[in-house]
Amino acid sequence: QGWTTTSVAEQADDAAGLIQSLGLSPAVVFGGSAGGLIALNLMLRHPGLVRAGIVQEPSLFSVLPDPQAALAPRRALTIMPESGPTGYST
């Protein structure tokens with residue numbers, strides 16, 4: 001019937017198995033967004049398989065104990081109007 005759920009750790013282990021099966025270790029890995037978490041997890045769980053890693057904008061908030069609390073200050077920021085800040089003159 002196939003899988004219905006997975007985890008970052010499981011995907012990192014799957015990537016490790018692929019690297020081993022293809023004889024590519026030590027590999028250079030790249031991960032962007034959620035893939036960045038998988039790449040980081042791969043490097044932590046299987047350091048002998050990875051020579052270097054590149055992560056682009058990993059979604060690190062998803063691994064925090066309370067991601068909503070961590071994101072609250074960012075969400076409180078407002079976009080500056082096109083007219084610029086008030087009270088500023090050139």
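The analysis underlying the following values was restricted to heavy atoms, covering all of them including side chains, and did not include hydrogens, waters or symmetry mates. Every value quoted in this text rests on a predicted model; they were computed, and no experiment measured them.
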Legend entry - Check against side-chain contact (heavy atoms from CB on, under 4.5 Å), Ile19 and Val29: CA-CA 10 Å; Ile19 291 169; Val29 297; 4.2 Å; yes
Inset, instruction - Answer with yes or no whether the hydrophobic clustering places Leu24 together with Met43; edges join I, L, V, M, F, W, Y residues whose side-chain heavy atoms lie under 4.5 Å apart. - result: yes
Inset, instruction - Tell me, please, which residues at least two apart from Ser7 pass side chain to side chain donor-acceptor pair (under 3.5 Å). - result: none
Inset, instruction - Give every residue pair that meets the salt bridge (charged side-chain N to carboxylate O under 4.0 Å, His left out) criterion with at least one member in residues 11-40, sequence neighbours excluded. - result: Asp13-Arg45
Inset, instruction - Quick one: list whatever passes side-chain contact (heavy atoms from CB on, under 4.5 Å) with Ala15, sequence neighbours left out. - result: Leu42
Inset, instruction - Quick one: pull up CG in Asn41 and CD in Glu10 and give me the separation to the nearest 0.5 Å. - result: 11.5 Å
Inset, instruction - Take atom CD of Glu57 as the centre, draw a 6.0 Å sphere, and report whether it contains more than 12 heavy atoms from other residues, nucleotides or ligands. - result: no
Legend entry - Least distance between heavy atoms, Pro58 atom then Leu37 atom: CB-N, 4.3 Å
Legend entry - Val28 reachable from Leu44 in the ILVMFWY side-chain graph, under 4.5 Å edges: no
Legend entry - Distance-minimising heavy-atom pair for Ala12 and His46: O-CD2, 4.2 Å
Legend entry - ILVMFWY cluster, Leu18 and Ile54 together (side-chain gap under 4.5 Å): no
Legend entry - Minimum-distance pair of heavy atoms, taken over all atoms of Pro26 and Gly48: CB-O, 4.4 Å
